[in-house]
2 protein chains.
Amino acid sequence: MGRKEADVCEIYYVNEVRVRSARQVLSPEREIVSLAEIFRTLGDPTRVKILQALSVEELCVCDLAKLLGISESATSHQLRVLRSQKLVRFRKEGKMAFYSLDDAHIDSLMKEALRHVREGADQGRETTERIRESAE
Amino acid sequence: MGRKEADVCEIYYVNEVRVRSARQVLSPEREIVSLAEIFRTLGDPTRVKILQALSVEELCVCDLAKLLGISESATSHQLRVLRSQKLVRFRKEGKMAFYSLDDAHIDSLMKEALRHVREGADQGRETTERIRESAE
DNA sequence: CTAACGTATGAACAGGTGTGCATGTGAACG
DNA sequence: CGTTCACATGCACACCTGTTCATACGTTAG
């Protein structure tokens, strides 16, 4: 009894129960990956701005580009990413393409995260910057 | 009146109102960056698993490593990232370090995102894979 | 038709990210 | 004391990401 695998952790048997119960809560790999994919998609300032802007009303590519201060090409690339995740949809009208939010969850996700940021994330940011600096 | 900048978009004046109102909703740059940072932190399968596991109860590094199937070093590296964002905290007991969630928002964030994934993200994933394939 | 426009996309490049390896640090134990 | 253990960290390297540039596509105007 006790140690199942080689010398990994002396007190293995103590936390085995915890590991087991924790493993049960883990979503299946596919869901985990999808989850991470969505968060990674939201993990870019440009895309956050796009989604915030579109939360008001639909906008065309060139207006988004002007709003963001980046090229229309870069904007289009980012919109492609957002489209691939079904976060935005678009409607073609002549040569224009009007984009809008495709998913209601996203807005509440961002608002929830914003609440987190506005609360006690100040020390967090300091810590981050300290680490990032010392890493260079 | 009308066109403010050089030849960017012919119908500039039409959507100027939209751009203006959309710009008002945008959070200040610092908040946007913080928001994106948090999402980017959540945008990794390993870290998602860590947070899901810790949502049950605190775990030490070596148990997390076993649970995740990666090295303790990699686990420690990821925990450092999560710490820097104040997403987890740790308690030292002898040579062990027990980690637990530091923020209640995070769990609800992940659950909200999970709801999004479980709904209609299937087509989304197909699209993503199609794009990823054609990009190689 | 041609030309111009708004948008989309492929290639390329700088910069960033996650993991393994080697090593360091502090605590517990003989 | 020195050794072992759990954990942390610097470095290196393969991989991924976001932007720019050049170009192509479909639509509209002349």
Side-chain angles (χ1 to χ4, degrees), chain A residues 3 6-12 14-15 33 36-37 39-50 59-66 68-85 88 90-99 128 130-136, chain B residues 3 6-12 14-15 33 36-37 39-50 59-66 68-85 88 90-99 128 130-136:
Chain A
R3 311 260 288 273
D7 40 20
V8 187
C9 182
E10 274 303 330
I11 56 169
Y12 184 89
V14 172
N15 292 8
V33 171
E37 256 178 31
F39 282 131
R40 184 151 37 86
T41 304
L42 296 175
D44 178 79
T46 302
R47 289 194 288 268
V48 169
K49 286 180 199 165
I50 290 178
L59 287 169
C60 66
V61 178
C62 72
D63 279 343
L64 272 172
K66 273 176 297 203
L68 303 173
I70 63 177
S71 72
E72 296 176 14
S73 175
T75 307
S76 190
H77 275 295
Q78 297 290 24
L79 286 170
R80 185 178 188 239
V81 175
L82 293 171
R83 250 184 314 161
S84 76
Q85 296 284 339
V88 303
F90 72 109
R91 170 178 72 82
K92 280 225 151 186
E93 188 175 311
K95 27 182 182 176
M96 316 285 288
F98 291 96
Y99 281 82
T128 303
R130 233 184 297 129
I131 290 181
R132 293 262 159 91
E133 280 171 11
S134 69
E136 288 173 43
Chain B
R3 310 260 286 274
D7 41 19
V8 186
C9 182
E10 275 303 329
I11 57 169
Y12 184 91
V14 172
N15 293 8
V33 172
E37 257 178 30
F39 282 130
R40 185 151 36 85
T41 305
L42 297 175
D44 178 79
T46 301
R47 290 194 287 267
V48 169
K49 287 180 200 167
I50 290 178
L59 286 169
C60 67
V61 178
C62 71
D63 279 343
L64 272 172
K66 275 178 296 205
L68 303 174
I70 63 177
S71 72
E72 296 177 17
S73 173
T75 308
S76 190
H77 276 296
Q78 297 292 22
L79 286 170
R80 185 179 188 239
V81 175
L82 292 171
R83 248 184 315 160
S84 77
Q85 295 285 338
V88 303
F90 72 111
R91 170 179 71 83
K92 278 225 153 188
E93 188 174 313
K95 28 183 181 175
M96 316 282 291
F98 291 96
Y99 280 82
T128 304
R130 233 183 295 129
I131 290 180
R132 293 264 158 91
E133 279 170 12
S134 69
E136 290 174 40

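Letters go in sequence order (proteins before strands), and every chain restarts at 1. Excluded from the calculations below are hydrogen atoms, water molecules and symmetry mates; all remaining heavy atoms, backbone and side chain alike, are included.
Here B:Tyr99 does not reach the OP1 or OP2 of D:dA6: none of its side-chain N or O atoms lies under 4.0 Å away. Distances shorter than 4.0 Å separate some side-chain N or O of A:Arg40 from OP1 or OP2 on D:dT17. Here A:Arg80 does not reach the OP1 or OP2 of C:dA8: none of its side-chain N or O atoms lies under 4.0 Å away.
Rounded to whole Å, atom P of D:dG26 lies 9 Å from atom NZ of A:Lys92. Atoms CD (B:Glu93) and C1' (D:dC7) sit 14 Å apart, rounded to a whole Å. Look at CG on B:Leu59: it is 11 Å from P on D:dC7, rounded to the nearest Å. With rounding to whole Å, A:Leu79 atom CG is found 11 Å from C:dT9 atom P. Atoms CD (A:Glu37) and C1' (C:dG18) sit 16 Å apart, rounded to a whole Å. Regarding A:Phe98, its CZ atom lies at a distance of 8 Å from the P atom of C:dT7, rounded to whole Å. Taking atom CE of residue A:Met96 and atom C1' of nucleotide D:dC25, one finds them 17 Å apart after rounding to whole Å. To the nearest angstrom, P of C:dG18 lies 10 Å from CG of B:Leu82.
When the side chain to side chain contact (heavy atoms under 4.5 Å, CB included) test is applied to A:Ser73, the partners found at least two apart in sequence or on another chain are A:Ser71, A:His77.
Set against D:dT28, D:dC7, C:dA8, the side chain of A:Lys95 has D:dT28 as its closest nucleotide.
Residues B:Leu64 and B:Gln78 have side chains not in contact (no heavy-atom distance under 4.5 Å, counting atoms from C-beta outward).
Counting only distance, with no hydrogens or angles, the side chain of B:Arg47 and the backbone of B:Thr41 share a donor-acceptor pair below 3.5 Å. The backbone N or O of A:Glu72 sits nowhere less than 3.5 Å from a side-chain atom of A:Ser76 that would complete a donor-acceptor pair.
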Could I get a table of every N or O pair under 3.5 Å where one atom is in the protein and the other is in nucleotides 19-21 of chain D?
| unit_1 | atom_1 | unit_2 | atom_2 | d |
| --- | --- | --- | --- | --- |
| D:dT19 | OP1 | A:Thr46 | OG1 | 2.8 |
| D:dT19 | OP2 | A:Gln78 | NE2 | 2.3 |
| D:dT20 | OP2 | A:Ser71 | OG | 3.1 |
| D:dT20 | O4 | A:His77 | NE2 | 3.3 |
| D:dC21 | N4 | A:Ser73 | OG | 2.8 |

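With rounding to the nearest 0.5 Å, the separation of OG1 in B:Thr75 from CD1 in B:Ile50 is 6.0 Å. In this structure, the separation between CD on A:Glu37 and CD on A:Gln85 is 5.0 Å, given to the nearest 0.5 Å. To the nearest 0.5 angstrom, A:Tyr99 atom OH is 13.5 Å from A:Asp63 atom CG.
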